[in-house]
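Some notes on the structure that comes next.
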Amino acid sequence: MFIDFMLALREQGLSVSLDEWLVLMEALDQGMAGNSLLEFYYLCRNVLVKTEADYDAFDLAFAKYFEGVETPEDIPQELWDWLNQDELERDLSDRPDWAKEYEFDELMKMFQERLAEQKEKHDGGNYWIGTGGTSAMGHGGYNPAGIRVGGYGRHRSAVKVAGERNFRDFRQDQELDIRQFQMAFRKLRQFSTRIEGEKTELDIDGTIDATCENAGMLKLVYEKPRKNTVKLLLLIDSDGSMAQHARLCNQLFQALHQSTHLKDLRTYYFHNCVYDYLYTTPHCRHGEWLETEWLLRNLDSEYKVIFVGDAAMSPYELMARGGCNDWYTYNEEAGILWLEKFTHHFKKCIWLNPIKEDRWQFAWGSRTIQEVGKLIPMFELTLDGLDKGIQRLLVR
């Protein structure tokens with residue numbers, strides 16, 4: 001039963017085991033979904049999805065598989081007893097005009113016209129933007145195809161619920177916003193050391209565990225406060241092919257500068273690859289720089305280094321002397337040699353790439369992406385990729 005649906009879930013990357021599928025079938029046999037597709041949606045999600053990070057993938061699979069399927073809300077048995085099949089077929093074949101399904105463009109045109117014409121509140125009607133009526137616009141009404149404006153949908157189908165993709169921000173492979181950056185970098189606090197003194201800092205995880213062990217009665221656990229010892233060097237590729245990722249890099253920059261768990265943070269910029277100079281501003285202007293050799297001499301090896309860039313460039317820019325495309329500078333050493341110096345001097349280096357990992361072998365610049373990835377551990381700039389990168393930095 002619904003084997004194709006299980007395969008659709010697996011195609012979206014969900015790990016649905018045979019045991020879980022049998023549990024779902026047993027739940028259906030016991031009537032836990034009733035006759036409602038909406039209830040079936042919630043039942044499937046509860047049984048088959050193991051983490052909120054997979055909610056969005058589940059919604060995509062559900063919406064695709066059940067596309068076009070509409071189910072009415074639960075109808076009391078008494079009402080079924082009042083109706084016979086002939087009457088039901090006659091009513092459905094003679095639907096009123098308000099029940100017709102409009103093309104999307106036609107519906108949007110009607111919506112704009114109503115907005116321009118309407119001057120007052122309307123409830124229970126069949127024309128204006130209102131509530132509880134049969135109009136194709138408003139909320140809480142009964143039209144099978146329309147635009148919901150404000151409020152909430154009382155008669156939504158399961159497909160429409162899934163299609164809204166309310167859980168897309170829980171995906172582990174989504175690009176990040178500032179808050180997600182901050183949450184991910186907070187893991188670097190594991191490098192911080194406990195200072196001597198009283199236990200005055202609330203241990204959230206310890207409190208949860210102790211409360212659970214105490215039969216749900218709150219039991220607070222405290223730890224000694226940490227001293228910030230993390231030193232981070234952030235090197236960002238700027239301009240050129242990175243221009244399309246400027247917003248994402250800006251979010252990362254803001255998140256780190258708003259962080260309170262770093263002892264020291266240094267941020268510099270480069271274009272395509274690191275050469276003799278690192279720029280002090282993202283504009284990468286001639287003269288607004290410091291010598292890379294000076295940085296290697298003056299920053300100790302305890303700094304954690306994060307490169308951010310697509311690593312996509314001409315092979316000449318990475319492998320040859322003079323590969324720097326700044327007209328006024330000439331690098332005596334190839335960019336790949338400068339990157340090697342970083343990996344030799346600093347104990348922990350990672351590279352975050354905004355290009356999707358499944359495109360690294362096919363995107364423009366794939367050759368240099370592969371070469372840089374051989375030298376510096378490279379991770380996709382998503383929540384999952386950043387988490388793996390931070391874990392790499394945490395390895396002692």
Side-chain angles (χ1 to χ4, degrees), residues 1-74 148 151-187 204-205 207-209 211-213 216 248 354 356-359 379-391:
M1 184 179 182
F2 294 132
I3 295 300
D4 290 341
F5 178 48
M6 181 176 71
L7 297 178
L9 294 172
R10 288 181 173 179
E11 287 178 1
Q12 283 295 333
L14 292 173
S15 177
V16 179
S17 70
L18 183 58
D19 287 343
E20 291 167 340
W21 193 254
L22 292 176
V23 170
L24 176 62
M25 295 300 103
E26 183 179 354
L28 289 175
D29 288 341
Q30 296 180 11
M32 292 186 179
N35 296 315
S36 169
L37 187 60
L38 180 59
E39 293 301 322
F40 177 69
Y41 163 80
Y42 288 122
L43 177 63
C44 286
R45 200 179 74 186
N46 288 335
V47 174
L48 304 179
V49 181
K50 304 176 182 64
T51 170
E52 65 273 10
D54 292 333
Y55 279 176
D56 187 56
F58 174 80
D59 281 355
L60 286 172
F62 195 98
K64 181 178 180 181
Y65 186 81
F66 292 101
E67 183 178 7
V69 177
E70 302 284 344
T71 61
E73 295 189 5
D74 291 340
R148 176 157 64 87
Y152 60 93
R154 290 170 48 195
H155 306 284
R156 297 182 299 180
S157 71
V159 174
K160 292 177 182 175
V161 173
E164 290 178 356
R165 297 186 64 193
N166 294 319
F167 302 99
R168 69 178 70 205
D169 291 334
F170 287 88
R171 292 180 67 102
Q172 290 292 99
D173 58 351
Q174 284 294 95
E175 291 187 350
L176 305 171
D177 58 24
I178 293 178
R179 180 179 178 277
Q180 290 172 314
F181 273 127
Q182 291 174 327
M183 295 297 292
F185 282 117
R186 194 171 294 176
K187 296 179 181 179
I204 301 297
D205 293 335
T207 296
I208 293 173
D209 291 340
T211 301
C212 292
E213 293 173 359
L248 187 61
K356 296 295 184 182
E357 185 174 357
D358 58 7
R359 294 177 51 213
F379 303 93
E380 185 180 351
L381 189 50
T382 60
L383 185 57
D384 190 46
L386 180 56
D387 186 65
K388 292 177 182 178
I390 297 298
Q391 292 297 326

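Treat the numbers as computed from the prediction; the structure is a model and nothing was measured.
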Open item on the list: Between L28 and F40, is there a side-chain heavy-atom distance shorter than 4.5 Å?
Closed with: yes

Rounded to the nearest 0.5 angstrom, the CZ-CZ distance for F66 and F62 is 4.5 Å

Side chains of Y55 and R45, heavy atoms from C-beta outward: is any pair under 4.5 Å? yes

Q: Check for a donor-acceptor pair, side chain of R10 on one end and backbone N or O of S15 on the other, with a separation under 3.5 Å.
A: no

Please work out whether the ring planes of F5 and Y65 are parallel, tilted or perpendicular, with thresholds of 30° and 60°. tilted

One should read off an interatomic distance between E357 CD and L381 CG, to the nearest 0.5 angstrom, of 12.5 Å

Contacts of E26 meeting side chain to side chain contact (heavy atoms under 4.5 Å, CB included) (sequence neighbours excluded), chain-then-number -> Q30

key: Heavy atoms from other residues, nucleotides or ligands near NZ of K50 exceed 12 (cutoff 6.0 Å)   = yes

Review point. Is any side-chain heavy atom of K356 closer than 4.5 Å to a side-chain heavy atom of T382?
Key: yes

Smallest heavy-atom separation, A33 atom then E39 atom, equals O-CB, 3.3 Å

Those residues at least two apart in sequence (or on a different chain) that pass side chain to side chain contact (heavy atoms under 4.5 Å, CB included) with T207 are L202, T211, L218, L220, V221

Taken to the nearest 0.5 Å, the spacing of L386 CG from Q391 CD works out to 10.0 Å

Sorted by chain and residue number, the side-chain hydrogen bond (donor to acceptor under 3.5 Å, both in side chains) partners of S17 (sequence neighbours excluded) come out as E20

Does the side chain of Y41 reach to within under 4.5 Å of the side chain of L37, using non-hydrogen atoms?
no

Interatomic distance, CG@L9 vs CG@L60, rounded to 0.5 Å, equals 11.0 Å

What one should report as the nearest heavy-atom pair of A8 and A61 is O-CB, 3.9 Å

F379 meets the ring pair (Phe, Tyr, Trp, His ring centres under 6.0 Å) criterion, sequence neighbours left out, with none

Those residues at least two apart in sequence (or on a different chain) that pass side chain to side chain contact (heavy atoms under 4.5 Å, CB included) with L22 are L18

Residue set satisfying side chain to side chain contact (heavy atoms under 4.5 Å, CB included) with V47, at least two apart, ordered chain then number -> V23, L24, L43

Taking every heavy atom of F58 against every heavy atom of L14, the minimum-distance pair comes out as CA-CD1, 3.7 Å

